[in-house]
Peer 1: 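Here you go, one structure.
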Amino acid sequence: MTYQQRIDRRRPGCFLFLVDQSGTMYEPIGGSAQVRKGQALSDTVNDVLYAVLIECTKDVREEEPRHYFDIGVIGYGGPDMVVPLVGGGRDLLVPSAQLPHHARVETRERLQWDGSGYRSVSRRTMVWLDPVWQGSTPMCGALQHAHRVLKRWVSRHRDSFPPIVLHVTDGMATDGDPRRPAARLRKLRTADGNLLLFNLHLSARGEDAVYFPAETTKSTDPATALLYEMSSELPANLVEEAGYAGRIAPGARGFVYNADVPELVDFMRIGTATTGRVRAG
């Protein structure tokens, strides 16, 4: 059985976010005129990083986070092409115990979904990632960079749950066909299974959202079929732990298309379902 390994300080897990920061991330998300794709992406990644931080802290008032995960955020697009957005150094991965040192705390006005629409709320938040939208879409370069980083990680963590890569983009690669580097990335593995690659395709087109499909979906956007093909099949036990048993068909892939903000949050939640595997100690 694969994808069964519990997570502790001797066998940490690994999350790597790949985020598209090309010029088209300035467009509105899911047809909404209120939220830009780049803003929704940065807000959600910040929320997920904070949730992981809380999961790694037994008592937030009295102790520092523990090293249960290694975490990286890589942005691509703009003049620097592929850059680390959290941490740095050779591996570009930050132990969860060090996450607070890579963030700033500020009060922000944010649009929040309340079930019927968006409303503005003011709240104190930790910020690791700011919205950026400029330049081209060097997706192949980002996937190749992720492979270099995670190849080193799996060689040192053979007994850990395999890495999870959460890739968010709104378009086609401008540096070649990304299916080959994506397939190479998915072949990385630990003793517990192959790396899991999730792809979220953000779109401004007025088409219905597609959520973890078991087959290629029809869309006027040519990137949809390509990103579906690049995505890993969802392990059944991960689906169950994320609370989606019976709602996602067998053979479904880790792919979402045309998500609005609530679906963006859900995408991140199922992708980080391994946080429930943390074993205290």
Peer 1: For M25 and L41, run side chain to side chain contact (heavy atoms under 4.5 Å, CB included): C-alpha distance rounded to whole Å, both residues' side-chain angles, the deciding distance at 0.1 Å, then the answer.
Peer 2: CA-CA 9 Å; M25 293 297 283; L41 170 58; 3.7 Å; yes
Peer 1: To the nearest 0.5 Å, what is the distance between CG (L166) and CG (L16)?
Peer 2: 8.5 Å
Peer 1: Take V168 and L18 through the side chain to side chain contact (heavy atoms under 4.5 Å, CB included) test and state the conclusion after the steps.
Peer 2: CA-CA 6 Å; V168 187; L18 294 181; over 6 Å; no
Peer 1: Report the residues that fulfil salt bridge (Lys or Arg N to Asp or Glu O under 4.0 Å) with E229, sequence neighbours left out, ordered by chain and then residue number.
Peer 2: R179
Peer 1: Excluding sequence neighbours, so at least two apart, what forms side-chain hydrogen bond (donor to acceptor under 3.5 Å, both in side chains) with R180?
Peer 2: none
Peer 1: If you define the side chain from C-beta out and look only at heavy atoms, does anything of L99 sit under 4.5 Å from I71?
Peer 2: yes
Peer 1: Please confirm whether the backbone N or O of Y68 pairs with a side-chain atom of S96, one donor and one acceptor, at under 3.5 Å?
Peer 2: yes
Peer 1: For H157, what residues pass the ring-ring contact (aromatic ring centres under 6.0 Å, His included) criterion, not counting sequence neighbours?
Peer 2: W153
Peer 1: Run the side-chain hydrogen bond (donor to acceptor under 3.5 Å, both in side chains) test against N194 and tell me which residues pass, sequence neighbours left out.
Peer 2: R189
Peer 1: What pairs with A223 under side-chain contact (heavy atoms from CB on, under 4.5 Å), at least two apart in sequence or on another chain?
Peer 2: M172, H201, D221, L227
Peer 1: Measuring from H102:NE2 to L49:CG, what's the distance to the nearest 0.5 Å?
Peer 2: 11.5 Å
Peer 1: Short question: side chain of S155, backbone of R152 - any donor-acceptor pair under 3.5 Å?
Peer 2: yes
Peer 1: Please say whether more than 12 non-hydrogen atoms of neighbouring residues, nucleotides or ligands are located less than 6.0 Å from CD in E240.
Peer 2: no
Peer 1: Please answer: with hydrophobic residues joined when any side-chain heavy atoms are less than 4.5 Å apart, are I74 and V132 in the same cluster?
Peer 2: no
Peer 1: If every non-hydrogen atom of I248 is compared with every non-hydrogen atom of A252, which pair is closest and at what distance?
Peer 2: CG2-CB, 3.2 Å
Peer 1: Name all residues meeting the side-chain contact (heavy atoms from CB on, under 4.5 Å) criterion together with S231; count only those two or more places apart in sequence or in a different chain, and write none if there are none.
Peer 2: N199, R253, F255
Peer 1: Can you establish whether the number of heavy atoms outside Y3 located under 6.0 Å from its atom OH is more than 12?
Peer 2: yes
Peer 1: Look up atom OG1 in T125 and atom OH in Y50, then write down how far apart they are to the nearest 0.5 Å.
Peer 2: 8.5 Å
Peer 1: Heavy-atom distance under 4.5 Å between the side chains of H147 and L143, does that happen here?
Peer 2: no
Peer 1: What I'd like to find out is whether the side chain of Q4 reaches to under 4.5 Å of the side chain of N237, using heavy atoms alone.
Peer 2: yes
Peer 1: Are any of the side-chain heavy atoms of H167 and L200 separated by less than 4.5 Å?
Peer 2: no
Peer 1: So which heavy atom on A214 is nearest to which on P250, and how close?
Peer 2: CB-O, 3.8 Å
Peer 1: Please report the shortest heavy-atom distance between Q5 and S160, naming the atom on each side.
Peer 2: CG-C, 4.1 Å
Peer 1: Side-chain contact test, heavy atoms from C-beta onward, threshold under 4.5 Å: evaluate it for S136 versus S22 and give yes or no.
Peer 2: no
Peer 1: Using the rule side chain to side chain contact (heavy atoms under 4.5 Å, CB included), only one of T169, D175, V19 pairs with Y76; which is it?
Peer 2: T169
Peer 1: With the side chain counted from C-beta on, respond yes when D70 and V94 share a heavy-atom pair under 4.5 Å apart, and no when they do not.
Peer 2: no
Peer 1: Could D130 and R104 be called an ion pair, given the rule that one side-chain N must be under 4.0 Å from one carboxylate O?
Peer 2: yes
Peer 1: Taking all non-hydrogen atoms of both residues, which atom of A173 and which atom of G176 are closest, and how far apart?
Peer 2: CB-O, 3.4 Å
Peer 1: Of all residues at least two apart in sequence or in a different chain, which pass the side-chain hydrogen bond (donor to acceptor under 3.5 Å, both in side chains) check with R158?
Peer 2: none
Peer 1: Strictly distance-based, threshold 3.5 Å: is any side-chain N or O of N46 a donor or acceptor partner for the main-chain N or O of W128?
Peer 2: yes
Peer 1: For D43 and Q39, what are the C-alpha separation, side-chain angles and deciding distance, and is it a side chain to side chain contact (heavy atoms under 4.5 Å, CB included)?
Peer 2: CA-CA 6 Å; D43 287 346; Q39 185 66 62; 3.0 Å; yes
Peer 1: Is there a side-chain contact between P65 and P100, using heavy atoms and a 4.5 Å cut-off?
Peer 2: yes
Peer 1: Closest heavy-atom contact between G171 and M139?
Peer 2: O-CE, 3.2 Å
Peer 1: Who pairs with Y228 by ring-ring contact (aromatic ring centres under 6.0 Å, His included), at least two apart in sequence or on another chain?
Peer 2: none
Peer 1: Please list, chain by chain and in numerical order, all residues satisfying side-chain contact (heavy atoms from CB on, under 4.5 Å) with S232, sequence neighbours excluded.
Peer 2: R186, L196, L197
Peer 1: List the residues meeting side-chain contact (heavy atoms from CB on, under 4.5 Å) with T2, not counting sequence neighbours, and say none if there are none.
Peer 2: none
Peer 1: Taking C-beta and beyond as the side chain, do P162 and V154 meet within less than 4.5 Å on heavy atoms?
Peer 2: no
Peer 1: For D170, which residues count as a salt bridge (Lys or Arg N to Asp or Glu O under 4.0 Å) partner, sequence neighbours excluded?
Peer 2: K37
Peer 1: What's the separation between atom CG in L202 and atom CZ in R36, rounded to the nearest 0.5 Å?
Peer 2: 14.0 Å
Peer 1: For F69, give me all partners under ring-ring contact (aromatic ring centres under 6.0 Å, His included), at least two apart in sequence or on another chain.
Peer 2: F15
Peer 1: Under a plain distance cut-off of 3.5 Å, with no hydrogens placed, do D192 and T190 share a side-chain donor-acceptor pair?
Peer 2: no
Peer 1: With side chain to side chain contact (heavy atoms under 4.5 Å, CB included) as the criterion, how do L93 and C14 come out once you've worked through the C-alpha distance, each side chain's angles and the decisive distance to 0.1 Å?
Peer 2: CA-CA 9 Å; L93 297 174; C14 181; 4.1 Å; yes
